[in-house]
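So the structure is just underneath, and the comments pick up after that.
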Amino acid sequence: MTWPDGFARTTARPSPRSGIRLASPNLLRPYTTLGVGGPADHLIEPETVEGVAAVVRTAREEQAPLRVLGKGSNLVVGSDGVDGYVLRTNRLEHLRVGTDGLVTVGAGLSTARLLSAARKRGLGGLECLVGYPATVGGAVRMNAGGRWGEFGDAVESVLVVDHDGELSERTASECGFAYRTSRLAGLVIVEARLRLTPCDPEAYRLRIAEIHRDKSAAQPLSELSAGCVFKNPPGESAGRLVDRAGLLGTRVGGAAVSTVHGNFLVNGGDAEGDDVLRLIDLVREEVARQAGIELELEVEVWRRGGA
Ligand code: EPU
């Protein structure tokens, strides 16, 4: 089909990461923080909300799967890639601060840029985002966070495109934020309105640097990873369970359990998506065998034919 103005269909291009080569168009691996994943049938980057709606309607008309990609930081894509449409939100990256103090941000804005732009305007309360490569849309969808709070707490409302291609607003309570999830699955988040708290920019900058230092000591932040792979079971730490099972450093192909934190699987540079998926199965089986606990996935898994 012909796409209206404002669309970018991606084609093979140099990888933004060293050590990862593109062999075919629409490969997803450069767009995931783990650096793995085969091609999508269609990879599209709309620049407007209308553009998002057009992609949603096209996928629906063709009865093709539609998946939404932010920073790809909570995602494992199989080696065969995915069928149907992948809608990348990276071009929806506006930021406006209203006179009512609400900050309106595009879903594709990186959370690092949101943190820094808000801080410069004396707005804080986003400590929960430090150290996560994410987009606003992904952080909303997953209610990103940890010890330093949850992103859902800052959300006043979101704009979403539903599976009919219709635009509507959801209030924070309609979003149903809970531990690493929300009720926004299946919708395309295009914008969020945030209520941030006033801060002293310099004190806040120091606080962010301190959180980053703490996280870097406990997590392999400089390696290719998808963050925490498993949810913490009630009252337990998934990382500690993997560690106690003696699995730190375990490898499948180019993928390995981090030696720093058991809930991180890392790509040494030449991992394939299927190496990571096999490693996930191995870890789950071993923790179930030794501790009798079934680890649930926190990351999303994309596979051809799997949606
Ligand atoms: N631990 C081990 N071995 C390991 C990993 C952890 O013994 O290999 C121990 C730690 O020493 C600590 C306990 O387990 O005593 C808990 O570990 P940690 O403090 O690292 O927290 P976590 O529960 O593993 C959670 C979030 C992280 C978030 C941190 C800090 C989940 C699944 N994980 O990790 O979120 O960064 O708290 O707030 O909720 C993510 O969502 O991607 C993520 C990494």
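This structure is a prediction, so every number in the text was calculated from the model and none was measured. Computed over heavy atoms, backbone and side chain alike; hydrogens, waters and symmetry mates excluded. Ligands are counted one by one from 1 in listed order, and the atoms in each one are counted from 1 as well.
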Practice prompt. Around atom 10 (C) of ligand 1, find the nearest protein heavy atom and jot down its residue, atom name and distance.
Written response: R240 NH1, 4.9 Å
Worksheet item: Near G146, which atoms of ligand 1 are under 4.0 Å from a heavy atom of that residue?
Response: 38 (O)
Worksheet item: What protein heavy atom sits nearest atom 39 (O) of ligand 1, and how far off is it?
Response: Y179 OH, 2.8 Å
Worksheet item: With a cut-off of 4.0 Å, which atoms of ligand 1 are near a heavy atom of G239?
Response: 3 (N), 4 (C), 5 (C), 8 (O)
Practice prompt. For ligand 1, note which part of F264 has a heavy atom under 4.0 Å away: side chain, backbone, both or neither.
Written response: side chain
Practice prompt. Could you name each residue pair satisfying salt bridge (charged side-chain N to carboxylate O under 4.0 Å, His left out) that touches residues 100-126, not counting sequence neighbours?
Written response: E93-R113
Worksheet item: When you look at V283 and F230, which way does the side-chain contact (heavy atoms from CB on, under 4.5 Å) test go after all the steps?
Response: CA-CA 10 Å; V283 168; F230 304 105; 3.7 Å; yes
Fill in: Protein contact of atom 25 (C) of ligand 1 - nearest heavy atom, named by residue and atom, plus distance
N232 ND2, 4.1 Å
Item to complete: Consider ligand 1: state whether an atom of it lies below 4.0 angstrom from any non-hydrogen atom of K215.
Response: yes
Fill in: Ligand-residue contact atoms, ligand 1 with D243, heavy atoms, under 4.0 Å
2 (C), 3 (N), 4 (C), 7 (O), 8 (O)
Worksheet item: What residue and atom, counting heavy atoms only, is the protein's closest point to atom 8 (O) of ligand 1, and at what distance?
Response: G262 N, 2.8 Å
Worksheet item: Out of G227, S237, G131, whose heavy atom is nearest to atom 16 (C) of ligand 1?
Response: S237
Worksheet entry | Proximity of N74 to ligand 1 by residue part, where a heavy atom lies under 4.0 Å | neither
Discussion item. For atom 32 (C) of ligand 1, tell me which residue out of H261, R180, E298 has the closest non-hydrogen atom.
Written reply: E298
Discussion item. On a heavy-atom basis, I'd like to know which of A217, C228, A134 is closest to atom 26 (C) of ligand 1.
Written reply: C228
Worksheet item: Which residues pass the side-chain hydrogen bond (donor to acceptor under 3.5 Å, both in side chains) test with E285, sequence neighbours left out?
Response: none
Item to complete: Can you measure from CG (L109) to OG1 (T135) and round to the nearest 0.5 angstrom?
Response: 9.0 Å
Practice prompt. Tell me which one of R147, Q219, E127 gets a heavy atom nearest to atom 21 (O) of ligand 1.
Written response: R147
